Structure formats: C-alpha cells, structure tokens
Amino acid sequence: MMARATAQDADPQTGTEPRPRGRGDRDLVDSLVEVLQERISTGEIPAGTWLRQEHLATELGVSRMPVREALRQLQAVGTVEMIANRGARVRLPSTRDIMEVYELHGVLQAHAGTAAAELITSGQLDRLSRAEAMFRQAVDELRAADSDPAAVQRRWHEANTEFHSVIIEASGNKLLADVVESLHHKVPRNLTWIALGSDVRRLERDAAEHAAILDALTRGDGATAGTLLREHAKRASELLVRTVDEIGQETTPARRR
C-alpha cells in the first residue's frame, strides 16, 4: 500500500479535484504511473481492462486525485485510452502501433549492437551468456509435462530484459536506454509472451536468435550483430501483429446480419 496523498479541497463549482502541484504530489503520481505501467506491461492488468479510479485509489491507499492524474499520464504515452462517459481502459495497441514501434526498436537495437561489438566488456558478455542460458532453460521447462507456465514466463522476461539491456548498456549511449524504454510503454511486453509462449517452436527460434546475436558480439562482428537485431525486431513485429489481430477478433462482438 502506498502513502496516502495529502487531501486537497475539491472545486466547489465542478466538484473535481485539482491536479497535483507540490513535489510530494508529483512524486506520488510518478510512483502510481510506474506501478500501473508495470502491472499493465506484465499482463497483470490485461488489455481492455477498465481502470476504475475509486477501486484503484482504495487498492493503492491514495485519494482519487493522484490516480486520475496518473491515468492522464498513461493516456499521454498511449498505454491507456479515455472513453467518453465511460472512463479509462487499458489500450490494446493497434497493428500500426506495433509496426511503428518495432521499426524504431529495430533501428535502435541494430545501432546499439553495432556499437556494442567494439565496446562490450568481458563482464557484459558473461551477463549475455547467462541470459542466453536462461532462454534455453525456459524452452526446456516449457517442454516438460509438469512445467509452470507462469514461472517460465518470468524466466523468459528476465532473460529478455537483461539481454537487450546489456546490449544497450554496452553501446555506451546512455540516452538510448530511455528512448527504448519509452517504446516499451506502447506495447505491453506480456503480448510478446502471448505470441511466443503458446508455441514451444516459436520460443526455440527466439532463443536461437538470441544465441546468434551473442555469437556475433563475442566475435566483435558489429555488422552481423546489427543485422541480426534488426531482423529479430522485424520477426517480433510480424508475430505480434498476428497476435493482436487474433485478440481483436476474439474481443470484437460479431456483427448481426
């Protein structure tokens, strides 16, 4: 539970609360944005879920005002959509969103990989090797009859986050991490697992792609690493577009004839 925000008087004419103004209020809103963004990204709050201010305020131990402001900020980055007379809802990214995000993601990752091949340290290569081993372990666990899909998903997410973060870190460009993180807000990462985790063959291919990228970086082959990272993002985009189309078909009521 989060610390409750300091109470502020509502507007006597509109009945609405003012936006947060003080440093403490802004820090609280930032914390709420971070918490909600993470829950949406992991799928704990799935796409299409209505975000009721009163419920969230009670659950998080705050007033409705900072929750309202946090939802406005999530709307601004494309995570949440505001529906007139209905409220806020977790937004399912469109196919265009995915294509644009992953086009940029591919460019940025390719740039990072090319630079990282020359700058990467032995310690960073060790971290990439451990992440690559986690991908293979996730595949093996998913094949097992008694596997725990939630545990496999956590392992895969941890490996994926570490692998790509290390490459960006090794590129030496500190701003790049912030730009890539902002792109992740557009497409919840649990959608990637929905696309991959339902088919062990897809997960095997994904693990093989990461292994090839690691091999190129180990050899200091920046051109190959960059090409592989761009192709990796393109394949992810194509897979996610199909997945979102399927989700959209499942959630859209059939038209009457």
Side-chain angles (χ1 to χ4, degrees), residues 26-27 29-43 47 69-81 90-121 123-125 127-128 131-132 156-193 195-196 206 209-210 213-214 216-217 221-241 243-244:
R26 290 195 299 272
D27 288 346
V29 171
D30 289 345
S31 296
L32 291 172
V33 169
E34 183 177 348
V35 167
L36 292 173
Q37 182 72 69
E38 179 65 14
R39 291 173 64 181
I40 291 168
S41 183
T42 60
E69 181 60 22
L71 293 177
R72 288 193 186 107
Q73 293 191 21
L74 289 170
Q75 178 190 26
V77 298
T79 303
V80 165
E81 59 183 346
V90 178
R91 183 173 174 270
L92 179 68
S94 66
T95 56
R96 180 172 180 175
D97 290 334
I98 292 169
M99 293 170 65
E100 290 179 348
V101 164
Y102 275 84
E103 181 181 7
L104 285 176
H105 193 66
V107 170
L108 296 174
Q109 285 284 347
H111 172 78
T114 302
E118 297 183 5
L119 301 172
I120 198 163
T121 66
Q124 289 167 333
L125 283 172
R127 289 165 60 193
L128 287 178
E132 191 270 333
W156 185 87
H157 279 317
E158 182 181 346
N160 196 61
T161 299
E162 173 72 353
F163 192 92
H164 291 283
S165 296
V166 170
I167 293 175
I168 292 172
E169 175 189 306
S171 74
N173 189 326
K174 295 181 179 179
L175 182 60
L176 195 56
D178 293 335
V179 177
V180 171
E181 180 63 23
S182 70
L183 291 177
H184 286 317
H185 293 167
K186 302 288 186 181
V187 181
R189 66 176 184 264
N190 77 299
L191 288 177
T192 307
W193 178 255
L196 289 171
D206 189 73
E209 289 176 5
H210 285 99
I213 293 166
L214 172 59
L217 291 171
D221 186 349
T224 298
T227 298
L228 290 172
L229 281 160
R230 188 189 295 269
E231 292 175 350
H232 181 66
K234 181 179 179 181
R235 278 192 284 270
S237 174
E238 293 169 350
L239 186 57
L240 281 170
V241 164
T243 299
V244 167

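Numbering of residues begins at 1 and proceeds along the displayed sequence. Nothing here was measured: the structure is a model prediction, and the numbers come from that model.
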Chemist: For Glu238, I'd like to know if atom CD has over 12 heavy atoms of other residues, nucleotides or ligands within 6.0 Å.
Modeler: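 More than 12 within 6.0 Å, yes.
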Chemist: Which residues pass the side chain to side chain donor-acceptor pair (under 3.5 Å) test with Asn173, sequence neighbours left out?
Modeler: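 Asn173 satisfies side chain to side chain donor-acceptor pair (under 3.5 Å) with no residue once adjacent residues are dropped.
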Chemist: Going by salt bridge (charged side-chain N to carboxylate O under 4.0 Å, His left out), name the pairs with one or both residues in residues 97-121, residues two or more places apart or in two chains.
Modeler: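 Residue pairs with at least one partner in residues 97-121: Arg91-Asp97, Arg96-Glu100.
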Chemist: Return the set of residues passing salt bridge (charged side-chain N to carboxylate O under 4.0 Å, His left out) with Glu209 (not counting sequence neighbours), or none when no residue passes.
Modeler: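 Partners of Glu209 by the salt bridge (charged side-chain N to carboxylate O under 4.0 Å, His left out) criterion, ordered by chain and then number, come out as Arg205, Arg235.
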Chemist: Check whether the ring centres of His232 and His105 lie less than 6.0 Å apart, and answer yes or no.
Modeler: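 Aromatic pair excluded; centres sit 6.0 Å or further apart.
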Chemist: Can you spot which of Ile167, Leu128, Val166 makes a side chain to side chain contact (heavy atoms under 4.5 Å, CB included) with Leu214?
Modeler: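 Only one of Ile167, Leu128, Val166 forms a side chain to side chain contact (heavy atoms under 4.5 Å, CB included) with Leu214, namely Leu128.
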Chemist: State, yes or no, whether a side-chain contact exists between Ile168 and Leu108 at a heavy-atom distance under 4.5 Å.
Modeler: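 No, too far: nothing below the 4.5 Å cut-off.
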Chemist: Is a salt bridge present between Arg72 and Glu69, judged by a nitrogen-to-oxygen distance below 4.0 Å?
Modeler: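 Counted as a salt bridge, because a side-chain N and a carboxylate O are separated by less than 4.0 Å.
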Chemist: Could you walk me through whether Tyr102 and Val241 pass side chain to side chain contact (heavy atoms under 4.5 Å, CB included), step by step?
Modeler: CA-CA 11 Å; Tyr102 275 84; Val241 164; over 6 Å; no
Chemist: Go through the structure and list residues passing side chain to side chain contact (heavy atoms under 4.5 Å, CB included) with Ala225, not counting sequence neighbours.
Modeler: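 Testing Ala225 for side chain to side chain contact (heavy atoms under 4.5 Å, CB included), a comparison that skips the adjacent residues, returns Ala216, Leu217.
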Chemist: Got Leu229 and His164 here, is their nearest side-chain heavy-atom distance under 4.5 Å?
Modeler: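 In contact.
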Chemist: What closest approach, in Å, do Ala70 and Leu32 show between heavy atoms, and which atom pair accounts for it?
Modeler: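 Here Ala70 and Leu32 meet closest at CB-CB, 3.8 Å.
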Chemist: Indicate yes or no: at least one non-hydrogen side-chain atom of Pro93 is less than 4.5 angstrom from one of Val101.
Modeler: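 Counting from C-beta outward, Pro93 and Val101 never come under 4.5 Å.
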Chemist: Does CD in Gln75 sit with more than 12 non-hydrogen atoms of other residues, nucleotides or ligands closer than 6.0 Å?
Modeler: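 It does: Gln75 CD has more than 12 such atoms within range.
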Chemist: If you look at every heavy atom in Thr243 and Ala195, which pair is closest and at what distance?
Modeler: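 Of all heavy-atom pairs spanning Thr243 and Ala195, the closest is OG1-CB, 3.1 Å.
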Chemist: Excluding sequence neighbours, so at least two apart, what forms ring pair (Phe, Tyr, Trp, His ring centres under 6.0 Å) with His157?
Modeler: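 For His157 there are no ring pair (Phe, Tyr, Trp, His ring centres under 6.0 Å) partners, ignoring immediate neighbours.
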Chemist: Can you tell me which residue pairs pass the salt bridge (charged side-chain N to carboxylate O under 4.0 Å, His left out) test with a partner in residues 161-178, sequence neighbours excluded?
Modeler: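 Residue pairs passing salt bridge (charged side-chain N to carboxylate O under 4.0 Å, His left out), neighbours aside: Arg127-Glu162, Arg127-Glu169.
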